[in-house]
Amino acid sequence: MINFRYHVVSLTAVFLALAIGLVVGTAALNGPVSENLRNNLEALNKDNNVRREQVNQLNEAVNRNQEFATQIAPGLLGGKLAGRKVAVVALPGTEDHTAGVVKMLTVAGATVTARVRMEDKFFDPGTVNDLLFLVDQLSQPSISVTGLPRNSDGVETASALLALALLQSTPSSPTAEDVTAVLSAFTQPGYLTAEEGATGGAEAIVLVAGVPATDKDADKKSRYALTMADVFSKAPRMLVVAGDNAGDGNLVSGIRNDPTLVTRISTVDNVSTVQGQVTTALVTVERLVQNKVGQYGLAAGATSIVPSAAP
């Protein structure tokens, strides 16, 4: 008769056999598995080292290309903007790019009559009424506010006043004192920052654009930047917009996707690079000297990387 003790002994024997089998099997497989894992790890390390070297080589190539663009700029640009006057207006977050653009315009021989940096406050939807009030309170002898837009868009109206101050006007450009007064009026409340010595009389504006805003008012701010570009480019004014084609609502894409603006505003979509800054100067030459409009760079909507050589 089979009793309970027999069942206990039988189950114990079964589990003991399983344990012995696992130990023996693990010992038998341990060598091949460990060797396979070791080989895979060595292969991955080698692959990572190769990838790291490739990245370093690409970074070095980019740096060399930047150096090449810097060194070739004087021969490519020298004298092409001699005697021409250009104002540079920078949107928020473009300080480094703007310095490069100003450098290349100067290499081309241009006189930078004004360098203005717009602050975030100018494009804040909450400042629309304040901008309108500021413009209404400002009237200079050579800058008539009677021709400004009459609507509730403070950015449009204020941009129109800035254009009158910075650009050549008919019959004469505003005096340096007028320009200083206008820029000071916008500087004190924190709408913009302008370098000392700014004057009017520019033949064109180079508007340097950065990465679009990403906050809750991002869409409105992108539209306001597009409004500024629109106002700056209205005939007979000439405008070049230099930015990057990254992020929703970026200014370059906004212009290229607008059937009207794309016909009167030239754009460059890689201004964060030295190559793009050189291209910006070349496009300014094309806009001022040849009176041509074009879209340049590496992104969608660009017709070529740089303008074709002038005849």
Side-chain angles (χ1 to χ4, degrees), residues 81 83-92 94-95 97-99 101-102 104-106 108 110-119 121-123 131 134-135 138-149 153-209 224-243 251 255 261 264-266 280-281 283-285 287-288:
L81 286 173
R84 311 311 289 258
K85 297 179 179 180
V86 181
V88 177
V89 178
L91 297 185
T94 60
E95 288 78 8
H97 310 338
T98 303
V101 169
V102 170
M104 293 307 165
L105 290 172
T106 304
T111 297
V112 178
T113 58
R115 183 172 171 180
V116 178
R117 184 180 74 243
M118 307 308 300
E119 304 295 348
K121 185 178 180 180
F122 189 90
F123 302 100
L131 282 172
L134 178 61
V135 173
L138 183 62
S139 177
Q140 296 300 315
S142 301
I143 303 177
S144 173
V145 298
T146 57
L148 298 179
D153 191 333
V155 171
E156 181 180 0
T157 303
S159 296
L161 180 58
L162 287 174
L164 287 173
L166 297 176
L167 291 164
Q168 287 182 351
S169 60
T170 304
S172 62
S173 299
T175 65
E177 291 76 13
D178 295 332
V179 176
T180 299
V182 171
L183 294 179
S184 296
F186 285 104
T187 298
Q188 292 171 3
Y191 293 114
L192 60 79
T193 302
E195 289 191 350
E196 293 184 3
T199 62
E203 301 168 77
I205 288 179
V206 175
L207 182 61
V208 185
Y224 287 152
L226 200 60
T227 295
M228 171 175 276
D230 182 14
V231 172
F232 281 179
S233 68
K234 288 183 176 178
R237 303 164 185 164
M238 295 184 177
L239 177 67
V240 174
V241 171
L251 184 56
I255 292 168
L261 296 182
R264 67 175 193 251
I265 301 176
S266 294
T280 300
V283 174
T284 306
V285 173
R287 191 73 188 91
L288 279 174

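Excluded from the calculations below are hydrogen atoms, water molecules and symmetry mates; all remaining heavy atoms, backbone and side chain alike, are included. Throughout, numbering of the chain's residues begins at 1 and tracks the sequence.
- With hydrogens and angles left out, the side-chain atoms of T98 and T94 include a donor and acceptor closer than 3.5 Å.
- Nearest heavy atoms, V182 versus A165: CG1-CB, 4.0 Å.
- Residues satisfying the side-chain hydrogen bond (donor to acceptor under 3.5 Å, both in side chains) test with R117, not counting sequence neighbours, are E119, T193.
- The shortest non-hydrogen separation linking A87 to L166 is CB-CB, 4.4 Å.
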What side-chain donor-acceptor pairs closer than 3.5 Å can you find for residues 155-164, not counting sequence neighbours?
| from | atom 1 | to | atom 2 | distance (Å) |
| --- | --- | --- | --- | --- |
| E156 | OE1 | N151 | ND2 | 3.0 |
| T157 | OG1 | D153 | O | 3.2 |
| S159 | OG | V155 | O | 2.7 |

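- Partners of L288 according to the side chain to side chain contact (heavy atoms under 4.5 Å, CB included) rule, which considers only residues two or more places apart in sequence or in another chain, are L81, R84, V86, E203, A204, M238, T284.
- Taken to the nearest 0.5 Å, the NZ atom of K121 stands 12.0 Å off from the CZ atom of F186.
- Evaluation of the salt bridge (charged side-chain N to carboxylate O under 4.0 Å, His left out) test over residues 231-240, restricted to residues two or more places apart or in two chains, returns none.
- In terms of heavy atoms, A229 sits closest to I255 at CB-CD1, 4.3 Å.
- Not counting sequence neighbours, the partners of D230 by the side-chain hydrogen bond (donor to acceptor under 3.5 Å, both in side chains) test are R264.
- When all heavy atoms of S233 and L261 are compared, the closest pair comes out as OG-CD2, 4.5 Å.
- In terms of heavy atoms, V179 sits closest to G200 at CG2-N, 3.3 Å.
- Take T227 and apply the side-chain hydrogen bond (donor to acceptor under 3.5 Å, both in side chains) test, not counting sequence neighbours, and it matches no residue.
- Nearest heavy atoms, V101 versus V208: CG2-CG2, 4.3 Å.
- One finds the CD1 atom of I265 at 8.5 Å from the CG atom of L207 (value rounded to the nearest 0.5 Å).
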